[in-house]
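Structure first, commentary second.
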Amino acid sequence: MALWRAYQRALAAHPWKVQVLTAGSLMGLGDIISQQLVERRGLQEHQRGRTLTMMSLGCGFVGPVVGGWYKVLDRFIPGTTKVDALKKMMLDQGGFAPCFLGCFLPLVGALNGLSAKDNWAKLQRDYPDALITNYYLWPAVQLANFYLVPLHYREDPASTTLVSIPPGLRL
């Protein structure tokens, strides 16, 4: 409980810094979980560079972009009723999610050293599956998020993109 209160104080005092660092930390943790529990790499085979890349993406892209989007969305559709939450989810999943994935996937490719041509081919190959996988989970999660979670906590996007990427995709 003390840790939660410390987090809330830090979030109130430095919302942008805490949100960005939290997004990076959660994306890094998500990659560790993926490598160790899903891929079963073991500690010797853990790709530390991949984890650092995911942390960097969380701090430098996911945290700022998703946090900013939530602020815009809340200004565009103020309120916390079920109807407001449904409207926010529809805009989020119908407009933002496709654009976000269309930016996230090439950014990952560029950070992994893909040429522009290879990155474009990878985007064309992986984007449809990533978007479809996104729609299996995130509409329900976002509906609950927009209805139940106050904005100052919502601005911290956790690791939404990790779950949006199909397991077969290579990062």
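Please read these numbers as outputs of a predicted model, since none were measured by experiment.
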Quick test of your reading: applying ring-ring contact (aromatic ring centres under 6.0 Å, His included), list the pairs with at least one residue in residues 19-49, sequence neighbours left out, ordered by first then second residue. none
Taking side-chain hydrogen bond (donor to acceptor under 3.5 Å, both in side chains) as the definition, give me every residue that meets it alongside E45, ordered by chain and number, with sequence neighbours left out. none
Tell me every residue that passes side chain to side chain contact (heavy atoms under 4.5 Å, CB included) with I33, counting only those two or more places apart in sequence or in another chain. L29, L37
Besides Y136, the hydrophobic cluster formed by Ile, Leu, Val, Met, Phe, Trp and Tyr side chains linked at under 4.5 Å, directly or via other members, contains I132
Determine, stepwise, if the pair S34 / R50 fulfils side chain to side chain contact (heavy atoms under 4.5 Å, CB included). CA-CA 11 Å; S34 176; R50 182 176 121 177; 3.5 Å; yes
Same cluster or not: Y70 versus L143, using hydrophobic residues (I, L, V, M, F, W, Y) connected whenever any side-chain heavy atoms lie under 4.5 Å apart? yes
Measure the spacing between CG of D126 and CG of L131 and express it to the nearest 0.5 Å. 12.5 Å
What is the distance from atom CG of N112 to atom CG of D118, rounded to the nearest 0.5 Å? 12.0 Å
Report whether V18 and L3 are members of the same hydrophobic cluster (ILVMFWY, side-chain heavy atoms less than 4.5 Å apart, transitive linking). no
For the pair D31 (side chain) and M54 (backbone), establish whether a donor and an acceptor sit closer than 3.5 Å, ignoring hydrogens and angles. no
Heavy-atom nearest pair, Y135 first then P98, reads OH-CG, 3.5 Å
Give, for atom CG of N145 and atom CE of M89, the distance between the pair rounded to the nearest 0.5 Å. 11.5 Å
Go through the structure and list residues passing side-chain hydrogen bond (donor to acceptor under 3.5 Å, both in side chains) with W120, not counting sequence neighbours. Q124
What pairs with L111 under side chain to side chain contact (heavy atoms under 4.5 Å, CB included), at least two apart in sequence or on another chain? T53, L57, L107
Counterpart residues, side chain to side chain contact (heavy atoms under 4.5 Å, CB included), relative to I77 (two or more places apart): L73, D84, K87, K88, L91
Hey, does F61 have a side-chain heavy atom less than 4.5 Å from the side chain of F100? yes
Is the closest side-chain heavy-atom distance between Y7 and T22 below 4.5 Å? yes
Same cluster (ILVMFWY, side-chain, under 4.5 Å), F96 and V62: yes
Examine F76 and V83 and state if one hydrophobic cluster contains both, with Ile, Leu, Val, Met, Phe, Trp and Tyr joined whenever side-chain heavy atoms are less than 4.5 Å apart. no
May I ask you to test the K122-L105 pair for a side-chain heavy-atom distance under 4.5 Å? no
I need the minimum non-hydrogen distance between R48 and L43, along with the two atoms involved. NH2-O, 3.9 Å
Identify the two heavy atoms, one from M27 and one from G58, that lie closest to each other, and give their separation to 0.1 Å. SD-CA, 3.3 Å
If the condition is side chain to side chain contact (heavy atoms under 4.5 Å, CB included), which residues does M55 pass it with, not counting sequence neighbours? T51, L52
Just grab all the side-chain hydrogen bond (donor to acceptor under 3.5 Å, both in side chains) pairs involving residues 92-106, residues at least two apart or on different chains. W69-D92, D92-Q142, Q93-N134
Do any N or O atoms from the side chain of Q19 and from the backbone of G63 form a donor-acceptor pair under 3.5 angstrom? no
Main-chain N/O of G42 paired to Q36 side chain as donor or acceptor, under 3.5 Å: yes
Any side-chain heavy atom of T80 sitting closer than 4.5 Å to one from Y147? no
